[in-house]
Amino acid sequence: MNISEVAKGIYRLSINVENILFEGLWEIPNGVSLNSYIVKGEKTAIIDGVCGWDETPEALFALLDQMDIKVEDIDYLVVNHTEPDHSGWIESFREISSDFEIICSKNAANFLSAFYNHTENVRIVNDGDILDLGNGKQLSFVEIPNLHWPDTMATFDNETGTLMSCDAFGSYGSVSERNYDDLLSEEEISFFLKEAVRYYSNIVAIFSQQVLKALDKCAQLPIKIVAPGHGIVWRKNPNRIIEHYRTLANYQKGPAKKEVTLLFGSMYGMTEAAVEYAKQLLDEKGVTYRAYRLPDTDIGTVLASAWESQGIIVATPTYEFKMFPPVAEAIDELGRKKVANRKAIMFGSYGWSKGAKKELDEMLERYKLNWDLLDFVEFNGSAKAEDLNKIQTAIETLINSLEE
Ligand SMILES: Cc1cc2nc3c(=O)[nH]c(=O)nc-3n(C[C@H](O)[C@H](O)[C@H](O)COP(=O)(O)O)c2cc1C
Ligand SMILES: [Fe+2]
Ligand SMILES: [Fe+2]
């Protein structure tokens with residue numbers, strides 16, 4: 001838990017959350033921060049209040065206490081997005097104070113009613129509307145729908161150029177009190193950029209085309225500071241995270257980085273031996289790749305890697321006429337997130353009927369992933385010299401297809 005000053009009249013309250021599955025699903029080995037912002041004019045607004053995950057809102061109230069702000073003194077609750085990691089505390093807030101107004105989009109108002117049966121004191125705002133807090137603090141609102149829910153908006157403080165962007169420009173990774181790009185080393189910033197890839201691919205990726213629209217909209221604002229709901233504040237170089245998001249969004253249509261993600265599974269080592277051979281070839285050719293064994297690797301990690309990679313190698317034995325189930329599960333997740341337009345090859349061992357390749361084809365078709373499946377090698381039992389030769393050819397074809 002920490003409090004810091006972002007810019008004149010804007011304070012950040014952060015709570016780190018660890019040892020949970022984010023959205024009940026994604027592993028977060030480095031934790032995640034939930035960030036609220038307090039904006040003070042004559043009136044006081046809190047933007048995206050947080051209460052931790054399983055915690056009670058006492059954590060947030062303790063932070064407010066440290067700032068000498070009474071819950072009753074908060075005039076406005078700006079709800080950029082109603083996913084409960086940002087809105088779950090409102091009901092507790094309501095038990096303490098009744099004299100406040102919720103500021104949110106039309107969709108968010110509907111969701112507040114659906115999730116919490118909350119319908120009173122709600123003011124719906126539209127794109128460009130302004131909330132005047134007095135003392136020169138005017139907040140304006142930018143609708144950025146489907147980033148990643150239909151309700152999402154960002155809140156902009158004209159005076160300091162601070163964009164409080166909720167999930168947009170967010171990243172995983174617990175934060176310290178030095179949670180500003182101007183206070184962190186390059187190494188620490190790189191850590192958050194990597195955590196942003198993970199966060200983006202897990203949470204936002206499917207909406208990449210809407211992200212590009214949101215970026216164009218935000219580009220019209222004189223942004224000096226990006227203050228997201230997760231991760232660090234970008235104060236020295238806000239464009240760094242904005243452009244990072246643009247790059248990540250563009251990876252959906254491709255081409256992504258000139259890198260390869262090799263995802264594989266193997267029951268008894270037949271496919272794995274061929275994977276070792278493939279890794280050796282990739283090493284020899286100097287290709288940047290990441291190899292993940294399934295089910296040992298969490299899907300969020302595989303997804304983050306595949307999102308950044310132009311090339312995908314799927315290595316799986318046949319299992320009951322289909323792919324090895326954990327590999328199918330990983331491909332299914334890539335399908336759901338629309339990791340589209342990749343160059344790919346597949347190989348793997350079978351015993352009697354084959355079937356893995358057929359299922360891969362079906363999944364790519366079902367999700368309309370438009371992968372260029374350049375080659376495949378299904379071999380019986382252990383890979384013999386001729387199978388390895390075919391795998392070599394497939395890998396060379398893949399490498400040659402990658403663009404700079
Ligand atoms: C539970 C199970 C189900 C299998 N189902 C099939 C199948 O439907 N068709 C087939 O050709 N081989 C099937 N096999 C055989 C494997 O594909 C074969 O043993 C392969 O060499 C395993 O490769 P691995 O050592 O990389 O796991 C199955 C094997 C197991 C253990
Ligand atoms: Fe969210
Ligand atoms: Fe969030």
Side-chain angles (χ1 to χ4, degrees), residues 14-17 20 22-26 28 31-37 47-53 79-89 104-105 107-108 111 115 144-154 164-173 195-196 198-200 202-207 210-211 214 227-231 263-278 293-295 314-328 346-359 377-384 387 391:
S14 290
I15 297 174
N16 291 323
V17 182
I20 56 142
F22 196 72
E23 293 187 342
L25 167 65
W26 308 106
I28 44 167
V32 64
S33 73
L34 308 177
N35 312 323
S36 294
Y37 297 91
I47 307 194
D48 296 327
V50 293
C51 62
W53 207 257
V79 179
N80 278 328
H81 167 41
T82 44
E83 190 167 5
D85 58 330
H86 305 280
S87 73
W89 61 294
C104 65
S105 70
N107 275 322
F111 298 166
F115 295 155
I144 45 172
N146 295 320
L147 217 153
H148 59 133
W149 279 22
D151 58 347
T152 316
M153 64 179 196
M164 285 154 280
S165 54
C166 199
D167 284 347
F169 312 122
S171 69
Y172 290 144
E195 289 290 313
R198 227 182 136 85
Y199 178 82
Y200 185 93
N202 294 183
I203 308 299
V204 188
I206 189 171
F207 300 108
Q210 285 88 339
V211 171
H230 307 285
L263 48 104
F264 74 99
S266 183
M267 296 174 280
Y268 296 111
M270 303 286 162
T271 306
E272 190 177 9
V275 166
E276 287 309 314
Y277 177 74
R293 185 186 187 116
L294 297 157
V314 181
T316 173
T318 293
Y319 183 105
E320 293 171 355
F321 315 108
K322 294 184 168 165
M323 281 187 270
F324 184 49
V327 175
M346 78 88 74
F347 61 83
S349 175
Y350 68 94
W352 49 92
S353 63
K354 300 188 187 172
K357 159 75 167 53
K358 185 163 172 279
E359 192 193 17
V377 187
E378 286 183 289
F379 49 88
N380 194 207
S382 60
K384 317 294 180 304
D387 303 314
I391 290 171

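In what follows, every heavy atom counts, from backbone to side chain, and hydrogens, waters and symmetry copies are set aside. Atoms within a ligand are numbered from 1 in the order they appear, just like the ligands themselves.
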> Any idea which of Thr271, Thr318, Thr316, Val275 brings a heavy atom closest to atom 16 (C) of ligand 1?
Replying inline: Thr318
>> Pairs of nitrogen or oxygen atoms closer than 3.5 Å, one from Tyr350 and one from ligand 1: do any exist?
In response: no
>> Please state which option from Lys322, Glu272, Met270 has its nearest heavy atom closest to atom 25 (O) of ligand 1.
In response: Met270
>> For atom 2 (C) of ligand 1, which of the options Phe379, Tyr319, Phe324, Phe321 provides the nearest non-hydrogen atom?
In response: Tyr319
> What does the angle at the Fe ion (ligand 2) come to, between atom NE2 of His81 and atom NE2 of His148, rounded to 10°?
Replying inline: 100°
> Are Asn107 and Ser105 close enough that a side-chain donor and a side-chain acceptor fall under 3.5 Å?
Replying inline: no
> Of Ser382, Ala383, Ser266, Ser349, which has the heavy atom at the shortest distance from atom 20 (C) of ligand 1?
Replying inline: Ser349
> Looking only at distance, does Gly269 have an N or O less than 3.5 Å from an N or O of ligand 1?
Replying inline: yes
>> Looking only at N, O or S atoms, which one in Glu83 sits nearest to the Fe ion (ligand 2)?
In response: OE1
> In terms of residue, atom name and distance, what is the protein heavy atom nearest to atom 27 (O) of ligand 1?
Replying inline: Met267 N, 2.5 Å
>> Side chains of Asp48 and His81: any donor to acceptor distance under 3.5 Å?
In response: no
> Mind checking whether Thr316 and Thr271 have side chains closer than 4.5 Å, heavy atoms only?
Replying inline: no
>> For Tyr199 and His230: C-alpha separation, side-chain torsions, deciding distance, then whether ring pair (Phe, Tyr, Trp, His ring centres under 6.0 Å) applies.
In response: CA-CA 9 Å; Tyr199 178 82; His230 307 285; 5.4 Å; yes
> Tell me: protein heavy atom nearest atom 12 (N) of ligand 1, and distance?
Replying inline: Gly351 N, 3.1 Å
>> Among the N, O or S atoms of Asp167, which one sits nearest to the Fe ion (ligand 2)?
In response: OD2
>> Within the structure provided, determine whether Phe347 and Asp387 are in side-chain contact (heavy-atom separation under 4.5 Å).
In response: no
> In Asp85, which N, O or S atom comes closest to the Fe ion (ligand 3)?
Replying inline: OD2
>> Which of the numbered atoms in ligand 1 are under 4.0 angstrom from any heavy atom belonging to Ser353?
In response: 7 (C), 8 (O), 9 (N), 10 (C), 11 (O)
>> So for ligand 1, is Pro317 a polar contact partner (N or O within less than 3.5 Å, distance only)?
In response: no
> Can you tell if the side chain of Leu294 reaches within under 4.5 Å of the side chain of Phe324, non-hydrogen atoms only?
Replying inline: no
>> Students should be able to answer this: which protein heavy-atom is nearest to atom 4 (C) of ligand 1, and at what distance?
In response: Glu320 N, 3.4 Å
> Quick one: are His148 and Gln210 in side-chain contact, heavy atoms under 4.5 Å?
Replying inline: no
>> Looking only at side-chain N and O atoms, does Thr82 offer a donor or acceptor that is under 3.5 Å from a partner on Asp151?
In response: yes
> Near Tyr268, which atoms of ligand 1 are under 4.0 Å from a heavy atom of that residue?
Replying inline: 24 (P), 25 (O), 27 (O), 31 (C)
> Stepwise, does the side chain to side chain donor-acceptor pair (under 3.5 Å) test hold for Asn80 with His86?
Replying inline: CA-CA 8 Å; Asn80 278 328; His86 305 280; over 6 Å; no
> Quick check, are the ring centers of Tyr350 and Phe379 under 6.0 angstrom apart?
Replying inline: no
> Going by distance alone, is a donor N or O of one side chain under 3.5 Å from an acceptor N or O of the other, for Asn16 and Ser33?
Replying inline: no
>> Within rounding of 10°, what is the angle whose vertex is the Fe ion (ligand 3) and whose arms end at NE2 of His86 and NE2 of His230?
In response: 100°
